[in-house]
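Since the structure comes first, as structure tokens, the remarks are kept for the end.
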Amino acid sequence: MSFTLSALPYAHDALEPHIDTLTMQIHHGKHHQAYVDNLNKAVAGTPNEGKSLEELVAVAGSISPAVRNNGGGHWNHSFFWESLAPQAGGTPDGALAAAIDASFGSFDAFKEKFNNAGMTRFGSGWAWLLLKDGKLEISSTPNQDNPLMDVAEVKGTPLLGVDVWEHAYYLKYQNRRAEYLNAFWAVVSWKKIAERFQAGS
Ligand code: MN3
């Protein structure tokens, strides 16, 4: 049973103008597809063939770099597409909003800290909002690592992640990562993030 690329849960142009159509086409159809293809190649004929993506990610520190990087890439991008939606953005409500206020002071303070995690990740990687021991935390990871990995500096259950690899924003925003990070908030599906929060807390 090999890994496959799921279709996007919306059209390629659905996140315009915040995330542009061509970026979505290349990011999903080329970059994410390549992680899937390279993961399948890396596990073929090894004891890791047949293991689930979650099983592989959990032991990232003791598997080959090809499985760690491409398995992380497949997991992270699948999670990312599901975190976004057209006509989304705004602010969370209910228990998630209360937890964000309690952990970070306010929604604006949370956004600032999350954006800062994305801005200060040198090179390529991800910024995360995660649940750790029942509390919300913000972290960032290099390359295609994520908080589910045994090698993560801050381990926990990811609720929201943003891809800060240049391939996620360069066509529209060029070197302006801050502008991309600001635009990202307009397409965050707080409905999905709240579901993950409920399931994890
Ligand atoms: Mn990417």
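Atoms within a ligand are numbered from 1 in the order they appear, just like the ligands themselves. This structure is a prediction, so every number in the text was calculated from the model and none was measured.
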| request: Please work out which of the three classes, parallel, tilted or perpendicular, describes the rings of Phe79 and Trp128, given edges at 30° and 60°. | output: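 Rings of Trp128 and Phe79: tilted, 30 to 60°.
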N/O/S of His32 less than 2.8 Å from the Mn ion (ligand 1)?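 So His32 does not count as coordinating the Mn ion (ligand 1).
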Metal check, the Mn ion (ligand 1) vs His31 N/O/S, cut-off below 2.8 Å
no
Answer with yes or no after comparing the ring centroid distance for His77 and Trp165 against a 6.0 Å cut-off, counting only values under it. no
* Asked: Is the centre of the Trp185 ring less than 6.0 Å from the centre of the Phe110 ring?
  ->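 Close enough - the centres of the two rings lie under 6.0 Å apart.
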Asp163: its N/O/S atom lying closest to the Mn ion (ligand 1) (atom name)
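Going through the N, O and S atoms of Asp163 one by one, OD2 ends up nearest to the Mn ion (ligand 1).
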NE2 (His27) to the Mn ion (ligand 1) to NE2 (His167), nearest 10°, is 100°
Heavy atoms of other groups near Glu179 CD, more than 12 under 6.0 Å: yes
